[in-house]
Amino acid sequence: MVSPISPLSILFLLLLSLSMPASSLLQENFVQCLNLNSKTTYPFHTTIYTPNDASFKTILDTTAMNLRCLLPSSPKPEFIFTPLQDSHVQAAVICSKKLGIHLRVRSGGHDYEGVSYVSENETPFIVIDLLKLRGINVDIKTKTAWIQAGATIGEVYYRIYEKSSVLGYPAGLCTSLGVGGHITGGAYGTMMRKYGLGADNVLDAEIVDANGNILDREKMGEDLFWAIRGGGGGSFGIVLWWKIKLVQVPPTVTVFTVTKSLEQGATKLLHRWQEVAPFIDENLFIRVIIQPSSVVGNKTQRTITTTYNAVFLGEARTLLQVMKKSFPELGLTRKDCEETSWIKSVLYIANFPSDTPLEVLLKGKPTFKNFFKAKSDFVKEPIPENGIEGLWQRLLVEDSPLLIWNPYGGKMSEFSESDSPFPHRNGTLYKIQYLTLWQDGDKNAAKHIDWIRKLYNYMTPYVSKFPREAYVNYRDLDLGINSKNSTSYIEASAWGYRYFKDNFNKLVKIKTRVDPENVFRHEQSIPPLPI
Ligand SMILES: Cc1cc2nc3c(=O)[nH]c(=O)nc-3n(C[C@H](O)[C@H](O)[C@H](O)COP(=O)(O)OP(=O)(O)OC[C@H]3O[C@@H](n4cnc5c(N)ncnc54)[C@H](O)[C@@H]3O)c2cc1C
Ligand SMILES: *[C@@H]1O[C@H](CO)[C@@H](O)[C@H](O)[C@H]1NC(C)=O
Ligand SMILES: *[C@@H]1O[C@H](CO)[C@@H](O)[C@H](O)[C@H]1NC(C)=O
Ligand SMILES: *[C@@H]1O[C@H](CO)[C@@H](O)[C@H](O)[C@H]1NC(C)=O
């Protein structure tokens with residue numbers, strides 16, 4: 001509803017604006033506009049943080065996961081708006097359009113390139129941060145839940161567990177992920193081989209579109225509903241709510257972590273893992289975490305450790321039978337196995353110490369905050385041993401590299417490439433995530449980034465081709481032709497086909513229809529075609 005403005009209040013605003021610096025003028029205009037476009041008035045000043053506010057830095061930093069995007073040299077928003085109701089998000093879209101100010105949307109802040117809170121090429125900009133919109137309503141009877149975009153995936157797991165210990169949801173391993181950005185890009189986790197992705201288990205959604213309208217599945221139509229389940233965040237609208245389908249989890253699950261170094265035959269074992277992990281019982285998810293480490297007692301000698309980190313949806317006895325039959329090379333014993341509940345396996349795989357209370361899931365606490373650069377690859381044929389050995393040589397010369405190999409197969413293979421925008425399905429053995437981490441700001445950043453680019457080049461012959469696929473939730477601005485500007489179709493197709501394969505064209509078509517003016521945009525958003 002739009003209420004009329006009195007001439008007096010216009011005069012007042014005019015006077016106010018004359019006495020203020022540009023950014024607070026923008027803020028004043030925004031607040032004024034919010035009040036005009038909200039169902040109820042609200043003291044919106046209390047929900048807006050400008051760089052002059054003492055708490056601005058805390059709010060900006062709180063969920064930002066990549067410290068590389070928080071350096072003083074990174075552009076900062078004019079202000080951060082933290083809506084308290086769905087209608088505030090609608091008003092924010094309308095008002096940023098009216099005032100012609102570029103907006104970014106943030107839910108959990110885990111974006112690998114920080115595009116939810118840093119705009120490299122377009123300033124000024126504002127951030128709409130959904131951190132206060134974190135409702136979760138679980139309905140056991142229908143085995144569904146409505147979850148709000150600002151909630152973390154850990155909160156979702158906890159609220160489900162509160163109502164039933166035999167229901168869960170198949171999404172990410174890191175518990176501080178925001179469901180707003182996470183599910184829009186796919187959302188994989190330990191149950192993906194049994195149930196698919198988080199995005200594969202969405203039944204309905206509510207989004208704010210480019211005109212500030214709230215649309216549910218019926219109103220948005222099947223094309224747009226398809227696009228938001230895997231097409232990546234920040235392109236089609238602002239997701240307010242997801243309706244998710246809960247999945248059955250057994251009362252007892254089994255976890256294990258077994259580490260093998262080069263001296264213990266890591267190379268042959270990893271080679272074997274590639275042949276086994278994507279085809280093994282779909283209740284079993286064995287990922288491999290690969291890092292250099294020092295040989296105990298010898299500072300000068302480094303080795304590579306491969307850590308087999310697993311969750312099995314079932315009891316240890318059954319797991320041991322599966323392993324004996326399919327992967328005896330790992331030598332798993334009963335002593336390696338720990339039986340636990342599904343909710344505790346969530347903490348285990350997120351690497352919390354074993355005595356951590358479950359309530360840590362409600363704190364949205366990030367377990368990972370670093371300067372980092374990452375990349376991803378999908379593997380379709382086992383990498384030969386000599387290829388793996390070349391990889392070791394490269395890892396051994398970098399300060400703090402990390403690889404995570406994540407098996408596919410099972411349910412993931414049952415979807416066709418176009419069922420959702422996420423195309424990495426049947427035929428994918430596993431995904432590799434490459435990371436390099438550092439702590440000393442931008443001093444040696446260029447060196448680390450150069451290292452990971454060279455590593456990525458080295459891997460070319462061993463991974464998917466035409467296109468070389470990548471996971472949109474592991475956003476990598478290197479994939480663009482011009483990393484800072486992907487507003488044209490040609491530029492965007494450089495990364496578009498890698499993330500989405502042929503689904504990219506359908507995403508562009510949908511974008512052109514629902515957001516022709518490109519209100520929702522960032523360095524790697526889906527571009528609309530010129531009309
Ligand atoms: C430590 C760590 C662990 C991870 N583990 C996993 C994992 O186990 N599985 C997995 O699949 N991925 C994982 N990821 C990747 C993660 O899924 C993506 O980074 C995801 O985009 C994060 O969502 P977010 O809301 O936290 O991030 P944000 O930075 O808030 O958002 C990411 C993108 O989505 C957009 N966006 C945010 N909110 C909304 C909204 N409400 N509506 C529309 N667009 C929105 C943003 O503008 C941005 O483009 C991990 C990332 C990190 C840093
Ligand atoms: C430590 O590493 C060096 C260099 O590789 C090697 O020569 C030496 O034997 C190692 N010492 C021990 C105690 O392993
Ligand atoms: C996956 O692909 C393989 C090999 O092309 C094929 O044999 C199999 O039937 C496919 N699986 C599904 C579920 O479509
Ligand atoms: C991005 O590229 C497009 C087309 O190539 C151009 O029109 C636009 O001005 C560029 N934007 C920026 C911010 O550089």
Side-chain angles (χ1 to χ4, degrees), residues 63-67 69 83 86 89 93 103-119 127-131 133-134 147-154 170-192 197-199 205-209 227-228 230-242 278-279 285 287 346 349-351 364 366-370 372 374 376 380 402 404 406 408-417 422 425-428 431 433 435 437 471-475 520-526:
T63 60
M65 209 52 43
N66 195 343
L67 297 177
C69 308
D86 293 350
V89 181
V93 170
L103 70 88
R104 294 292 168 113
V105 188
R106 183 162 82 169
S107 289
H110 284 54
D111 194 279
Y112 273 29
E113 302 277 10
V115 308
S116 53
Y117 53 96
V118 179
S119 167
V127 170
I128 302 177
D129 194 320
L130 307 185
L131 85 167
L133 299 178
R134 49 208 310 156
I147 60 177
Q148 209 170 10
T152 64
I153 198 67
L173 299 93
C174 167
T175 58
S176 53
L177 297 165
V179 301
H182 181 45
I183 297 174
T184 51
Y188 79 86
T190 61
M191 297 201 289
M192 63 186 281
L197 305 169
E206 283 196 358
I207 69 167
V208 175
D209 73 3
I228 59 173
S235 287
F236 297 97
I238 302 181
V239 175
L240 294 174
W241 293 89
W242 299 108
F279 303 100
F285 173 89
R287 64 173 179 165
V346 165
I349 207 84
N351 213 14
T367 49
F368 181 97
K369 209 156 173 141
N370 279 286
F372 71 94
S376 61
K380 314 235 161 175
L402 172 65
I404 303 175
N406 163 205
Y408 271 54
K411 182 79 182 175
M412 290 298 288
S413 299
E414 290 173 22
F415 294 88
S416 84
E417 280 188 10
F422 182 100
R425 302 287 186 168
N426 196 14
T428 301
K431 182 188 71 207
Q433 179 180 197
L435 296 121
L437 320 175
Y471 180 30
V472 66
N473 265 354
Y474 293 159
R475 191 184 309 292
F520 302 110
R521 62 184 187 272
H522 54 69
E523 286 75 0
Q524 273 188 354
S525 54
I526 305 290

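As the structure lists them, so they are numbered: ligands from 1, and atoms in each ligand from 1.
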Would you sort out whether Asp129 and Tyr117 count as a side-chain contact (heavy atoms from CB on, under 4.5 Å), showing the intermediate values? CA-CA 9 Å; Asp129 194 320; Tyr117 53 96; over 6 Å; no
Using a strict cut-off of 4.0 Å, indicate which atoms of ligand 1 neighbour a heavy atom of [X].
X      : answer
Ala187 : 11 (O)
Cys174 : 1 (C), 2 (C), 3 (C), 4 (C), 5 (N), 8 (O)
Gly178 : 23 (O), 24 (P), 25 (O), 26 (O)
Leu173 : 7 (C), 8 (O)
Leu130 : 41 (N)
Ser116 : 28 (P), 29 (O), 30 (O), 31 (O), 46 (C), 47 (O), 48 (C)
Gly233 : 34 (O), 35 (C), 44 (N), 49 (O)
His522 : 49 (O)

Counting only heavy atoms, tell me which of [options] gets closest to [atom].
atom                    : options                : value
atom 27 (O) of ligand 1 : Arg104, Glu523, His110 : His110
atom 37 (C) of ligand 1 : Ile153, Val118, Val105 : Val105
atom 13 (C) of ligand 1 : Phe520, Tyr474, Phe236 : Tyr474
atom 14 (N) of ligand 1 : Thr175, Ile183, Leu177 : Leu177

Using a 4.0 Å heavy-atom cut-off, say whether [X] meets ligand 1 through its side chain, its backbone, both or neither.
X      : answer
Tyr471 : side chain
Ala149 : side chain
Asn66  : neither
Met65  : side chain
Val115 : side chain
Arg475 : side chain

If the condition is side-chain hydrogen bond (donor to acceptor under 3.5 Å, both in side chains), which residues does Glu414 pass it with, not counting sequence neighbours?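 Once residues adjacent in sequence are excluded, Glu414 has no partner under the side-chain hydrogen bond (donor to acceptor under 3.5 Å, both in side chains) criterion.
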Out of curiosity, [X] [atom1] to [Y] [atom2], how far, rounded to the nearest 0.5 Å?
X      : Y      : atom1 : atom2 : value
Met412 : Asn426 : CE    : CG    : 10.5 Å
Ser119 : His522 : OG    : NE2   : 11.0 Å
Met65  : Asn370 : CE    : CG    : 10.0 Å
Thr63  : Asp111 : OG1   : CG    : 11.0 Å
Ser116 : Ile128 : OG    : CD1   : 12.5 Å
Ile153 : His182 : CD1   : NE2   : 5.0 Å

Hey, does [X] come in under 3.5 Å of ligand 1, counting only N/O atoms on both sides?
X      : answer
Val179 : no
Gly181 : yes
Phe372 : no
Gly180 : no
Ser176 : no
Asn473 : yes

With a 3.5 Å distance limit and no angle check, can you tell me whether [X] reaches the backbone of [Y] through a side-chain donor-acceptor pair?
X      : Y      : value
Lys411 : Leu197 : no
Trp242 : Ile183 : no
Thr152 : Gly364 : no
Asn66  : Tyr112 : yes

Could you go step by step and tell me if Gln524 and Arg475 meet the side-chain contact (heavy atoms from CB on, under 4.5 Å) rule? CA-CA 8 Å; Gln524 273 188 354; Arg475 191 184 309 292; 3.1 Å; yes
Within the structure, is a non-hydrogen atom of [X] found at a distance of less than 4.0 Å from ligand 1?
X      : result
Gly185 : no
Gln524 : no
Gly237 : yes
Gly189 : no

If you define the side chain from C-beta out and look only at heavy atoms, does anything of Asn406 sit under 4.5 Å from Tyr471? no
Residues two or more places apart in sequence or in another chain: which of them pass ring-ring contact (aromatic ring centres under 6.0 Å, His included) with Phe415?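 In terms of ring-ring contact (aromatic ring centres under 6.0 Å, His included), with neighbours along the sequence ignored, Phe415 is linked to no residue.
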Give the minimum heavy-atom separation between Cys174 and His110, together with the two atoms involved. SG-NE2, 3.8 Å
Derivation and outcome, side-chain contact (heavy atoms from CB on, under 4.5 Å), residues Phe236 and Ile207: CA-CA 9 Å; Phe236 297 97; Ile207 69 167; 5.5 Å; no
Using the side-chain contact (heavy atoms from CB on, under 4.5 Å) rule, take Lys431 and Tyr188 through it: C-alpha gap first, then chi angles, then the decisive distance, then the call. CA-CA 11 Å; Lys431 182 188 71 207; Tyr188 79 86; 2.8 Å; yes
Partners passing side chain to side chain contact (heavy atoms under 4.5 Å, CB included) against Thr428 (at least two apart in sequence or in another chain): Phe378, Lys380, Tyr408, His424
Less than 3.5 Å apart, N/O on ligand 3 and N/O on the protein: could you list those pairs with the distances?
| unit_1 | atom_1 | unit_2 | atom_2 | d |
| --- | --- | --- | --- | --- |
| ligand 3 | 2 (O) | Asn426 | OD1 | 3.4 |
| ligand 3 | 2 (O) | Asn426 | ND2 | 2.3 |
| ligand 3 | 11 (N) | Asn426 | ND2 | 2.9 |

Paired with Ile238, the side chain to side chain contact (heavy atoms under 4.5 Å, CB included) test is passed by just one of Asp209, Val93, Leu133, namely Val93
